[in-house]
Enquirer: 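The structure follows.
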2 protein chains.
Amino acid sequence: MDKVHLQNNVFSYFNRLGDEIDWKRLSTPIEVHLTAKSEYLFQQGESAERLYFLHSGLVRYVSVSGEGKEFTQTFAKGPRIIGSTRSMVTRSPVLFGIQALEDSIITSYDWGEFYQQMRRDNAFLECYSHFLEEIFILKEERENTFVKDSAERRYLDFCVAFPDLKERIPQQYIASYIGITPVALSRIRQKLKLKNRL
Amino acid sequence: MDKVHLQNNVFSYFNRLGDEIDWKRLSTPIEVHLTAKSEYLFQQGESAERLYFLHSGLVRYVSVSGEGKEFTQTFAKGPRIIGSTRSMVTRSPVLFGIQALEDSIITSYDWGEFYQQMRRDNAFLECYSHFLEEIFILKEERENTFVKDSAERRYLDFCVAFPDLKERIPQQYIASYIGITPVALSRIRQKLKLKNRL
DNA sequence: TGAGGGAGTTAACCTAGGTTAATTTCATTT
DNA sequence: AAATGAAATTAACCTAGGTTAACTCCCTCA
């Protein structure tokens, strides 16, 4: 599990989105983070101007409201880029923390350096914009779901979108992902159970 | 108001995000749309794989739920890029229509051709990714607002985010932007009025 | 073995916002 | 000036989900 090997994982992930990236440009050092279950990679409010890559494991993005209520923005399973685009780009504190739900292997680069070194590489930029397109589309879908759908519908959608996660993570996190309390989710599940009995 | 002039508007808008774009690459023809107040540039469900630019005027993005309820995703004032990133990128039907709230001058390019012609230009790609970063960040903020804030809070935020629009557009569209019914918005405004009397 | 302690369930009550419908206000057309 | 009609307000009633709290399962750890 050396750094070279991990770095190659990251490269091949990027290469899947658009090939011929000239990785020789990249000299900024990779950093390794081993984040154990329930620990935080970084906390809300810190500055996390790094490009993180989740090699293996499972995390959630959690943000806490002024009144202290937790809200799960999303879940992410490796292998996958993670982190806060907003914080990287605007050089401002992150609006959410990243918590490991299972032991996770994560690496990171300083985004400022990474971007400066790679931004003249056309293949990289194209790949970066495809990544942005993708996360934008997901956010747009999520916006729609909150406005148009009931909590019950959102729960059913969650079960389709993350079929394996339903068993793997505590129910309260699912509730906070669909934007309701654990109590309300329990009620909904109860109702669904009765409905399917008929 | 000839096409050359309009095209220059679009170019200089892009150039503000990142200069030195080589516009000589671009040969796909620009198209002009004059969309009168309350008319649609395109309707939900159509294919709108074009890069639109709103030169002047005001529009809203409207999507209609299965039950026939309207929801306003956002408002856009010219000059600004408009359209559906999702539809452009995934070549799928748009999930919302664009309706003019005031007479608007809009131009468009076929996105497939535009992108093919410009994608080798580093300055353009960089500028495109900055655009994507920006719209992603806005969506993320909007996601947060729906989960964490009350409708009253969202209304107050709207008034700050679009100070001029409060007077310019019908209240029902504001309601549908913050995700509530016109009746509920009216109630909230009433409550705020009383509160500020004290 | 048994004593926490967190996660989920259930029930009772509360509240924000939805629904329907009546009323008013204002803008446009004739 | 009258007539139409859409937009906003208000009131009465309803419902989804929040809040609090009691109760039950585990699971862990001593």
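Both backbone and side-chain heavy atoms feed into the values below; hydrogens, waters and symmetry mates do not. Proteins come first, then strands; the chains are lettered A, B, ... in the order of their sequence lines, and each starts at number 1.
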Enquirer: Describe, as an angle rounded to 10 degrees, how the axis at the first end of the helix from dT1(C)-dA30(D) to dT30(C)-dA1(D) is tilted relative to the axis at the last end, five pairs per end.
Expert: 30°
Enquirer: Ignoring hydrogens and angles, state whether a donor on the side chain of Gln73(A) or Glu143(B) is under 3.5 Å from an acceptor on the partner side chain.
Expert: yes
Enquirer: I'd like to check the ring pair (Phe, Tyr, Trp, His ring centres under 6.0 Å) partners of Tyr115(A); sequence neighbours left out, ordered by chain and number.
Expert: Trp111(A)
Enquirer: Aromatic contact between Tyr61(A) and Phe96(A), with the criterion being ring centroids under 6.0 Å apart: yes or no?
Expert: yes
Enquirer: If only side-chain N and O atoms count, and only distance matters, is there a donor-acceptor pair under 3.5 Å linking Ser63(A) with Lys148(B)?
Expert: yes
Enquirer: Report, one line per pair, each donor and acceptor closer than 3.5 Å where one atom sits in a side chain of residues 172-180 of chain A; sequence neighbours left out.
Expert:
residue, atom, partner, partner atom, Å
Ser176(A), OG, Thr72(A), N, 3.1
Ser176(A), OG, Thr72(A), OG1, 2.4
Ser176(A), OG, Tyr173(A), O, 3.4

Enquirer: Among residues 174-191 of chain B, which contact DNA chain C at a heavy-atom distance under 4.0 Å?
Expert: Gly179(B), Ile180(B), Thr181(B), Val183(B), Ala184(B), Arg187(B)
Enquirer: Under the side-chain contact (heavy atoms from CB on, under 4.5 Å) test, which residues partner Arg25(A), sequence neighbours left out?
Expert: Asp22(A), Met118(A), Arg120(A), Asp121(A)
Enquirer: For Thr107(A) and Lys3(A), test the side chains for any donor-to-acceptor distance below 3.5 angstrom and give the result as yes or no.
Expert: no
Enquirer: With sequence neighbours excluded, what pairs up with Ile81(B) under the side-chain contact (heavy atoms from CB on, under 4.5 Å) test?
Expert: Tyr13(B), Phe14(B), Leu51(B), Phe53(B), Phe131(B)
Enquirer: Glu133(B): which residues meet the salt bridge (Lys or Arg N to Asp or Glu O under 4.0 Å) condition with it, sequence neighbours left out?
Expert: none
Enquirer: Near DNA chain D, which residues from residues 64-74 of chain B have a heavy atom under 4.0 Å away?
Expert: none
Enquirer: Any ion pair linking Arg50(B) and Glu31(B) (charged N to carboxylate O, less than 4.0 Å)?
Expert: yes
Enquirer: Gln171(B) has an atom CD; how far is it from atom P of dT10(D), in whole Å?
Expert: 11 Å
Enquirer: Using 30° and 60° as the class limits, which term best fits the ring planes of Phe75(A) and Phe162(A): parallel, tilted or perpendicular?
Expert: perpendicular
Enquirer: Taking any atom closer than 4.0 angstrom to a non-hydrogen atom of chain B, what span of DNA chain C does the protein reach, first nucleotide to last?
Expert: dG17(C) to dT20(C)
Enquirer: Residues two or more places apart in sequence or in another chain: which of them pass side chain to side chain donor-acceptor pair (under 3.5 Å) with Ser38(B)?
Expert: none
Enquirer: Among residues 156-170 of chain A, which contact DNA chain C at a heavy-atom distance under 4.0 Å?
Expert: Pro170(A)
Enquirer: Do any pairs count as a side-chain hydrogen bond (donor to acceptor under 3.5 Å, both in side chains) and have a residue in residues 40-49 of chain B, sequence neighbours left out, and if so which ones?
Expert: Glu49(B)-Arg91(B)
Enquirer: Classify the side-chain pair Gln117(B)/Tyr109(B) by whether it contains a donor and acceptor separated by less than 3.5 Å.
Expert: no
Enquirer: Establish, from distance only, whether the side-chain atoms of Ser92(A) and Arg86(A) form a donor-acceptor pair under 3.5 Å.
Expert: yes
